[in-house]
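Model, not experiment: these values are computed from the prediction. Throughout, protein chains are lettered first and strands after them, A, B, ... in sequence-line order, and every chain is numbered starting at 1.
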Protein chains: 2
Amino acid sequence: MEEKNTIEDKSVIVIGTGAVATNFIKHFLSIGITVIQQYGRTIPLEITIPFISDINNINTDADLYIIAVSDDAIAEVVEQLPSLNGLVVHTAGSVSLDIFASKFSKFGVFYPVQSFSNNRNIDLQLVPFIIEGNSMESVAILKALAVKISNNYFVFTYEKRLQLHLAAVFASNFSNHMNSIAQELLLNENIDFTILRPLLQETFNKILTINPLDAQTGPAKRNDINVLEKHSEILTNNPIFQEIYTLISKSISTFNKK
Amino acid sequence: MEEKNTIEDKSVIVIGTGAVATNFIKHFLSIGITVIQQYGRTIPLEITIPFISDINNINTDADLYIIAVSDDAIAEVVEQLPSLNGLVVHTAGSVSLDIFASKFSKFGVFYPVQSFSNNRNIDLQLVPFIIEGNSMESVAILKALAVKISNNYFVFTYEKRLQLHLAAVFASNFSNHMNSIAQELLLNENIDFTILRPLLQETFNKILTINPLDAQTGPAKRNDINVLEKHSEILTNNPIFQEIYTLISKSISTFNKK
């Protein structure tokens, strides 16, 4: 059998029906990557390629299987999958390659450093991909895929990927939560969240153009005890927000003294 | 004496040499507001109008005095100022109007909901201004000023302004700190912070287009115990980051269940 040398010659199966799976399939089709099947336990919102909901019907001759399910569902998918000769990868930031070791011979990780949500199109061309593979061959296939998608990839160890994922949680999930708290505080006073829009824009611009450490401002940075106490007092009725306020203020004050 | 009816007819003195004072003066001059003096203890980087460093030389005939110094320095400035007939205002989010009550007869607050930094031009036309005044007349002057600058103003009580300022601290200072921690974590593994740029852009877009509460994603939202434990373990050597990780994850998990 002739070796398939380019990523366009390879057949791909996507496992999952969530936002990552949906974005991958759409983008793959648009750039000429052959997706032959999608598997999921729930019917996807949009079916663009042959869909199966029974894992026993999975095509075992594909070259690449991309498991795009939530981190805590990967182990179960691996258990249910039949023996496969193709390369099997997951897309998770915090799951080790070892999860595949006892079952498959070719396996890897293809982690997009992005937050995917239903009904939001992500331009994959801008997404950095973190690659890991069990062999040079596995890594080479994933590099070829990454080059085709975004030309923005890094081959990282598990430890490095995990650290990056943790950083992404702080930068994205946690900063979003800071905004959720802000929204909740404004709601209490019937103030529309959009009042913060110019401030958020400037905060974001500074994070990208200056670095966040140098961009830090605010009462905690200035160690303005009066303001810190007034703010804390407002939060008396919300102990967890108050605790967050005190802890982050302390962290800013410590961190920015270094 | 003829009454001065429009804001262009009024003479303004700016007290302070920091980022707020600098931005105000530049913008005021560009839109035809007459700034007759700037006072500060340190010489400003750029002198565009008559500057005094001795408060005794302050012109006592101005119509409007804008105290644009850090929150914890306002009281001292008030103490040092001579008796004034003009309207005296500060620009702070968390300082009560009462700070002026025993000294002046016309006073107010003119708080810009924005974070100002040296060497960054803020387009004041996009900034919402929060107004408070000791009288209808004081409020009217500040409204006229706000209309001239940005046409985006709100007359709020002290309690409402304080709550807004607290929300701004969460949305801006605290989400910046989340990014500082991310940057620090990446530095430990020699990963460039720019790897997070597309993720930050998407996070920011979601905060503005969806609301932050609905935009929340991540292991804490999914209550993915495995990932939460792995992340926490990485932070063992940094107790304050670990404490922040645990507390915010708990808050996300609680808050998003409501």
Side-chain angles (χ1 to χ4, degrees), chain A residues 70-72 94 113-115 117 126-128 160 162-164 166-183 185-186 189 191 193 195-196 198-200 202-204 207-208 211-213 215-218 222 224 226-227 230-231 234 240 243-244 247-248 251-252 255, chain B residues 70-72 94 113-115 117 126-128 160 162-164 166-183 185-186 189 191 193 195-200 202-204 207 211-213 215-218 222 224 226-227 230-231 234 240 243-244 247-248 251-252 255:
Chain A
S70 68
D71 300 19
D72 54 356
S94 296
V113 188
Q114 184 51 282
S115 168
S117 324
L126 300 174
V127 173
K160 202 161 175 174
L162 193 55
Q163 184 93 350
L164 169 59
L166 176 58
V169 164
F170 274 95
S172 175
N173 303 153
F174 286 7
S175 70
N176 183 80
H177 188 57
M178 296 302 105
N179 280 282
S180 296
I181 294 175
Q183 190 186 8
L185 293 172
L186 294 180
E189 292 282 347
I191 305 171
F193 183 70
I195 200 170
L196 294 181
L199 174 63
L200 292 179
E202 171 67 2
T203 303
F204 177 69
I207 286 170
L208 293 192
N211 68 68
L213 187 55
Q216 191 65 55
T217 58
R222 295 193 307 269
D224 187 333
N226 273 328
V227 174
K230 276 182 216 166
H231 284 167
I234 300 176
I240 193 164
E243 207 182 331
I244 289 173
L247 182 61
I248 298 184
S251 181
I252 290 174
F255 199 60
Chain B
S70 68
D71 300 19
D72 54 355
S94 296
V113 188
Q114 184 52 282
S115 168
S117 324
L126 300 173
V127 173
K160 203 162 175 173
L162 193 55
Q163 184 92 352
L164 169 59
L166 176 58
V169 164
F170 274 95
S172 175
N173 304 154
F174 285 7
S175 69
N176 183 79
H177 188 57
M178 296 301 105
N179 281 282
S180 296
I181 294 176
Q183 190 187 9
L185 294 172
L186 294 180
E189 292 281 346
I191 305 171
F193 184 70
I195 201 170
L196 294 180
R197 191 179 271 259
L199 174 63
L200 293 178
E202 171 67 3
T203 303
F204 177 69
I207 286 169
N211 67 69
L213 188 54
Q216 191 65 54
T217 58
R222 296 192 306 270
D224 187 334
N226 273 328
V227 173
K230 277 181 218 168
H231 283 167
I234 301 175
I240 194 164
E243 206 182 333
I244 289 174
L247 182 61
I248 297 184
S251 181
I252 289 174
F255 199 60

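- Counting heavy-atom pairs under 4.5 Å between each of A:L196, A:L213, A:T217, A:V227 and chain B puts A:T217 at the top.
- The CD1 atom of A:I252 lies 6.0 Å from the CG atom of B:N173; values are rounded to the nearest 0.5 Å.
- Most heavy-atom pairs under 4.5 Å with chain B: of the set A:L126, A:V169, A:D72, this distinction falls to A:D72.
- Here the CG-CD1 distance, from B:L247 to A:I240, works out to 5.5 Å after rounding to the nearest 0.5 Å.
- Heavy-atom pairs under 4.5 Å with chain A were tallied for B:I191, B:N226, B:L186; the largest tally goes to B:I191.
- How far OG of B:S172 is from CD of A:Q216: 8.0 Å, rounded to the nearest 0.5 Å.
- Highest contact tally toward chain B, considering only A:V127, A:L208, A:L164, is held by A:L208 [criterion: heavy-atom pairs under 4.5 Å].
- Interatomic distance, CD of B:Q114 versus OG1 of A:T203, reported as 7.0 Å (0.5 Å rounding).
- Using cut-offs of 30° and 60° for the angle between ring planes, the A:F255 and B:H177 rings count as perpendicular.
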*asked:* Run the side-chain contact (heavy atoms from CB on, under 4.5 Å) test on A:M178 and B:I248 for me, step by step, so that the C-alpha distance in whole Å, both residues' side-chain angles and the decisive distance to 0.1 Å come before the verdict.
replied: CA-CA 9 Å; A:M178 296 302 105; B:I248 297 184; 3.5 Å; yes
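- A pairwise comparison of heavy atoms in A:S94 and B:K230 identifies O-NZ, 2.5 Å as the closest pair.
- Interface remark: of the candidates A:S251, A:A215, A:A168, A:S251 forms the most heavy-atom pairs closer than 4.5 Å to chain B.
- Side chain of A:N179 to main chain of B:P212: no donor-acceptor pair is present (N/O by atom type, distance under 3.5 Å, no hydrogens or angles).
- For a residue to count as touching a neighbouring chain, one of its non-hydrogen atoms must lie under 4.5 Å from one of that chain's; by this rule B:F193 touches chain A with the side chain only.
- Annotation: maximal heavy-atom pairing with chain A below 4.5 Å, among B:N211, B:V113, B:L199, occurs at B:L199.
- Taking CZ from B:F170 and CD1 from A:I181, the interatomic distance works out to 4.5 Å, rounded to the nearest 0.5 Å.
- Taking CZ from A:F204 and CG from B:L200, the interatomic distance works out to 6.0 Å, rounded to the nearest 0.5 Å.
- Of the atoms belonging to B:E189, heavy atoms from both backbone and side chain fall under 4.5 Å from chain A.
- Here the shortest heavy-atom pairing between B:A182 and A:A167 reads CB-O, 3.3 Å.
- A donor-acceptor pair shorter than 3.5 Å cannot be found between the side chains of A:S175 and B:S175.
- Contacts with chain B were tallied for A:S117, A:G218, A:P128, A:P198; A:P198 has the most, counting heavy-atom pairs under 4.5 Å.
- Inspection of the B:S70 and A:D224 side chains reveals no N or O donor paired with an N or O acceptor under 3.5 Å.
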